[in-house]
Amino acid sequence: MTKLLVLNGPNLNLLGRREPELYGHRSYAELCDLIRAHAAESGIDVEIIQTNHEGVLVDRIQEAQGVYDGIVLNPAAYTHTSVALLDALLAVGIPAVEVHLTDPAAREPFRAVSYVRAACAATIVGRGFDGYLEAMDLLQAMAKKRA
Ligand code: DQA
């Protein structure tokens, strides 16, 4: 069974209430339910974490080594600021897919930069909740290829 870690950064816990015109009306709990249902259908063992703290994301990436086959990562605002997250991904070398609900490059100019992208096998933007499921499929296919 493919083991995946889904890591969500700051303010994603507020989905549904947070700028619904951008992020939609569905809640974070609904996102987690969707991810768990897709994992069950696809034979994926999934753990989902949300934190508002950059250091916790770094800790979880470090602790993922040897445990998970892949990481689905939406670093939220830390995407555009965090060299620490990039370094953590490079350090552990676990295949990662960067996911964004919106397309950050189509928003304010400061969102065009992604530090983590350089350490990710793929980036999925602007697909809403489905982007997470696509990232899971991609990481599962990559894990099966390596097996
Ligand atoms: C986001 C895009 C980021 O720019 C923003 O800071 C977020 C969410 C997205 O999923 O579209 O918090 O990562």
Side-chain angles (χ1 to χ4, degrees), residues 2-42 44-65 67-143:
T2 308
K3 283 194 77 172
L4 298 182
L5 176 64
V6 178
L7 274 182
N8 284 306
N11 302 307
L12 290 168
N13 54 313
L14 298 182
L15 285 176
R17 283 181 282 153
R18 172 192 186 196
E19 298 178 275
E21 66 286 358
L22 282 176
Y23 296 110
H25 291 275
R26 287 184 293 173
S27 67
Y28 183 70
E30 287 176 275
L31 173 61
C32 293
D33 286 347
L34 199 70
I35 289 170
R36 287 199 188 92
H38 187 69
E41 274 167 22
S42 309
I44 294 170
D45 185 352
V46 75
E47 186 181 359
I48 311 170
I49 309 277
Q50 189 279 327
T51 176
N52 293 325
H53 305 280
E54 183 178 11
V56 174
L57 291 169
V58 172
D59 287 343
R60 297 310 300 234
I61 292 168
Q62 289 185 8
E63 289 160 12
Q65 198 163 32
V67 179
Y68 294 98
D69 302 304
I71 300 174
V72 177
L73 177 63
N74 184 347
Y78 294 134
T79 309
H80 319 300
T81 62
S82 181
V83 178
L85 285 181
L86 168 65
D87 285 349
L89 291 171
L90 292 172
V92 299
I94 302 171
V97 173
E98 176 189 7
V99 171
H100 299 284
L101 297 159
T102 64
D103 177 1
R107 298 173 57 187
E108 302 96 322
F110 61 82
R111 294 185 203 273
V113 172
S114 166
Y115 286 96
V116 297
R117 190 154 308 169
C120 291
T123 298
I124 298 171
V125 301
R127 305 273 301 123
F129 285 12
D130 285 349
Y132 284 80
L133 312 186
E134 291 166 21
M136 291 165 72
D137 291 345
L138 197 59
L139 287 166
Q140 186 182 38
M142 288 170 66

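When a residue number appears, it is its place in the shown sequence, counting from 1. We count ligands from 1, going down the list as the structure has it; atoms in each ligand are counted the same way. Basis for what follows: all heavy atoms, side chains included, without hydrogens, waters or symmetry-related copies.
- No side-chain donor-acceptor contact under 3.5 Å links Asn52 and Glu54.
- The CD1 atom of Ile35 sits 9.5 Å away from atom CG of Asp33, with the distance rounded to the nearest 0.5 Å.
- Between Glu98 and Ser114, the side chains place a donor N or O and an acceptor N or O closer than 3.5 Å (distance only, hydrogens not considered).
- Around ligand 1 you find Arg18, Tyr23, Asn74, Ala76, Ala77, His80, His100, Leu101, Thr102, Arg107, Arg111, each with a heavy-atom distance below 4.0 Å.
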Apply side chain to side chain donor-acceptor pair (under 3.5 Å) to His38 and Asp137, showing your working.
CA-CA 9 Å; His38 187 69; Asp137 291 345; 2.7 Å; yes

Begin from the C-alpha positions of Thr102 and Arg111 and carry the test side-chain contact (heavy atoms from CB on, under 4.5 Å) through to its verdict.
CA-CA 11 Å; Thr102 64; Arg111 294 185 203 273; over 6 Å; no

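- In terms of the side-chain hydrogen bond (donor to acceptor under 3.5 Å, both in side chains) criterion, Asn11 has no residue partners (sequence neighbours excluded).
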